[in-house]
Amino acid sequence: MSWFEKIMPSRIKTERRTRSVPEGLWIKCPACDAVLYRAELERNLYVCPKCSHHMRIGARERLESFLDKGTGVEIGANITPEDPLKFRDSKRYKDRLAQAQKATGEKDALVVLAGKVNGLDLVACAFEFRFLGGSMGSVVGERFKRAVDYCIEHRQPLICFSATGGARMQEALFSLMQMAKTSAALARLAQAHVPFISVMTDPTTGGVSASLAMLGDLNIAEPRALIGFAGPRVIQQTVRETLPEGFQRSEFLLEHGALDMIVDRREMRDRLTAMLRILMKLPPAPPAAAPSKPSAA
Amino acid sequence: MAVAFLDFEQPIAELEAKIEELKHVSSDSEVNIQDEIGRLQAKSRQLTTSIFANLTPWQITQLARHPQRPYTLDYANLICSEFHELHGDRMFADDLAIVGGLARIGDRPIMLIGHQKGRDTKERVRRNYGMPKPEGYRKALRLMRLAERFGLPLVTFIDTQGAYPGVGAEERGQSEAIARNLFEMSVLRVPIVSVVTGEGGSGGAIAIGVCDRLLMLQYSVYSVISPEGCASILWKSADKKEAAAEAMGLTAQRLSQLGLVDEVIEEPLGGAHRDHVAMSERLKSAIIRHLSALEKIPPDELRARRQEKIAAFGVFSESG
């Protein structure tokens, strides 16, 4: 952080950051219609304090609030997308990429940071849903693979927060192959006995759910997240009947045995690190290291 | 079996109809009808060659879905000297959209797994139009593990629109079943040759397609979504399927140029459905050739090479 950013009033700083939740002092909860004060909501990690609805959040905000302050170092930031098929629908893929990059400030849909949570070294990655629906193309696959490589080399656990519609159509078979690529990388991670926790957030569907997201040593979801292979609209068109209540939501998946547990966003840091410490046969976290104390960095 | 012609093959269909007609009258007329038939047959071959020389990606997609195209069980019958079908995932059901079993190709014992579409309406329904549910992928995984335990090379045939999008499939973990196969296939210690024989549709296809060698038949297609699906999402209209097929580069030829496919196997004139036997012979010799090469590689190295091959998929740029 530069001296200028340090003295800059925090109000200005927050306005500079990219957001998935619209700007404004007050925000209406899309689930219970409660009108919420933004600053309070932000402190509450964009979980409605009235009804516990988990709003969607951007990849970087997610990772910044998940990691101990100032510990994140990005992996694979210099890997950027190409357009191998010169794909064009109503718009050129190149233009869609440029637009998404401008709107999100990201180069592609996955952000990977190596850092600490409650003092535990780990790698955390998150999908940016606002970047072409968090779709997985070559860059997402490569960054994920680099994350795995880093975890194997440093023997640090991997956590991935997914928020995605699936594979990226504009990279066609290259995208499909990223399903194999990310899964194959996780198979290597498993052989190295390094834990991987998959956290599925709203929404996690298609080619990502059918590859890396379902391959966690622990599969976890945020409450009420839409999770599935086919989207509900496609299924509706196929079966031509109304879908059961709560179909493809986290609670439904838990009931059907696809998840280990559902974890509230506000408890994510403590719960995940506690379980990772057990998997890695480490002693419990010292109380001093508990909730987000700013580290020396 | 009379050949079913696709719309773009109409000129060939008309010519063939004329030939059929002449064959019937020929019994009670002069010799020169035989010459005429010969002349028309040559013309039909010529016409087929010229039409098939310039197929669009959408036309190739139609060929890949041709209702008379050979399916996995046809190939098992024509390529393998033995095939013993094995059933069930040992957990829930036997999904008939995926078949598999112990087989011999030449003298070589293998495990054969593939999607299976149905030929007539009843069979199509029974096989769920070749769209597997989780139990299909779990049956495949069970057979793969069996193959590994006994050191049998694995041959997979890909021909599906995609995994079935249904309520039960979701309840039983369609995503997990596909993901698990991708994960496990990447670390199997036996050679894997996968062949796209018809439609390679999305996750439902690649779930049995992680391999050491990827082969495609000349008129097969392979992509992340069907042209119709792509068109309805990106163009907001399924009618733009031709444009979508073009944009996605889903043909064997294009994917080979992009370096994603190891070999394209030429089909008989007019497509594999015109001559199942000739197609099977070509496919058999290609499979044997690749298996012979892969079998020379020690298992650990084979697996390492497969991991490298998979890790190299993707096009991106990287700055200093």
Side-chain angles (χ1 to χ4, degrees), chain A residues 78-82 84-85 87-90 108 137-139 141-142 145 167-181 183-188 190-191 205-207 209-215 219 227-231 234-235 238-239 241 243-244 247-248 252 256-258, chain B residues 162-167 169-187 200 202-207 209-210 222-225 229-231 233-236 240 243-244 247-250 254-255 258 260-261 306-307 310-320:
Chain A
N78 55 346
I79 300 167
T80 53
E82 285 287 320
L85 299 169
F87 194 98
R88 180 183 195 142
D89 50 84
S90 53
D108 211 301
S138 298
V139 173
E142 181 65 17
K145 181 199 155 267
R168 187 171 299 167
M169 280 176 288
Q170 293 90 342
E171 291 185 30
L173 195 66
F174 288 105
S175 300
L176 190 69
M177 293 303 177
Q178 304 312 308
M179 292 173 66
K181 180 165 170 171
S183 305
L186 288 173
R188 284 190 294 118
Q191 287 182 332
T205 60
S209 97
S211 59
L212 65 99
M214 276 293 167
L215 291 173
N219 284 343
I227 303 165
F229 176 64
V234 175
I235 297 172
T238 312
V239 301
E241 54 190 79
L243 300 172
F247 181 61
Q248 294 186 314
F252 177 92
H256 285 88
Chain B
Y164 184 63
V167 175
E170 293 287 329
E171 285 175 340
R172 296 191 294 280
Q174 188 72 289
S175 286
E176 195 274 345
I178 294 170
R180 188 61 53 197
N181 284 13
L182 303 177
F183 180 100
E184 296 288 345
M185 288 184 93
S186 77
V187 288
S202 188
I206 199 171
V210 178
Y222 199 7
S223 197
V224 71
I225 189 169
C230 179
I233 296 172
L234 290 181
W235 278 265
K236 316 278 177 220
K240 297 284 185 191
M248 287 198 296
L250 40 61
R254 183 89 173 90
L255 294 172
L258 292 167
L260 290 165
V261 176
R306 188 185 312 135
Q307 280 279 348
I310 300 167
F313 285 134
V315 176
F316 50 82
S317 38
E318 187 165 11
S319 52

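Just so it is clear: chains get the letters A, B, ... in the order the sequence lines come, proteins before strands, and each one is counted from 1. These numbers come from the heavy atoms of this one structure, side chains and all, not from hydrogens, waters or symmetry mates.
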Taking every heavy-atom pair that is under 4.5 Å apart, which of [options] has the most such pairs with chain B?
options                : result
A:A167, A:A258, A:G228 : A:G228
A:K181, A:Q170, A:E171 : A:K181
A:L85, A:T205, A:L215  : A:L215

Quick check on [X] against chain B: is it the side chain, the backbone, both or neither that has a heavy atom closer than 4.5 Å?
X      : result
A:A180 : both
A:K145 : side chain
A:L243 : side chain
A:A190 : side chain

Is a donor on one side and an acceptor on the other found under 3.5 Å between the side chain of [X] and the backbone of [Y]?
X      : Y      : value
A:E142 : A:I79  : no
A:Q248 : A:A230 : yes
A:S183 : B:F183 : no
B:E170 : A:F229 : yes
B:K240 : B:W235 : no

Exercise. Over 60° means perpendicular and under 30° means parallel, so classify the ring planes of A:F252 and A:F247, tilted if in between.
Key: perpendicular

Contact winner vs chain A - [options], heavy-atom pairs under 4.5 Å:
options                        : result
B:S317, B:G203, B:S319, B:A207 : B:S317
B:R306, B:R254, B:Q307         : B:Q307
B:G200, B:A243, B:S175, B:G314 : B:S175
B:V210, B:V187, B:N181         : B:V187
B:L250, B:L255, B:I225, B:V167 : B:V167

Quiz item: Can you name the salt bridge (Lys or Arg N to Asp or Glu O under 4.0 Å) partners of B:E184, sequence neighbours left out?
Solution: B:R145

Quiz item: Which pair of heavy atoms, one from A:A213 and one from A:N219, lies closest together, and at what distance?
Solution: O-OD1, 3.6 Å

Quiz prompt | Heavy-atom proximity to chain A below 4.5 Å, by part of B:A231 | solution = neither

Quiz item: Which pairs, with at least one residue in residues 310-320 of chain B and sequence neighbours excluded, count as a salt bridge (charged side-chain N to carboxylate O under 4.0 Å, His left out)?
Solution: A:R146-B:E318

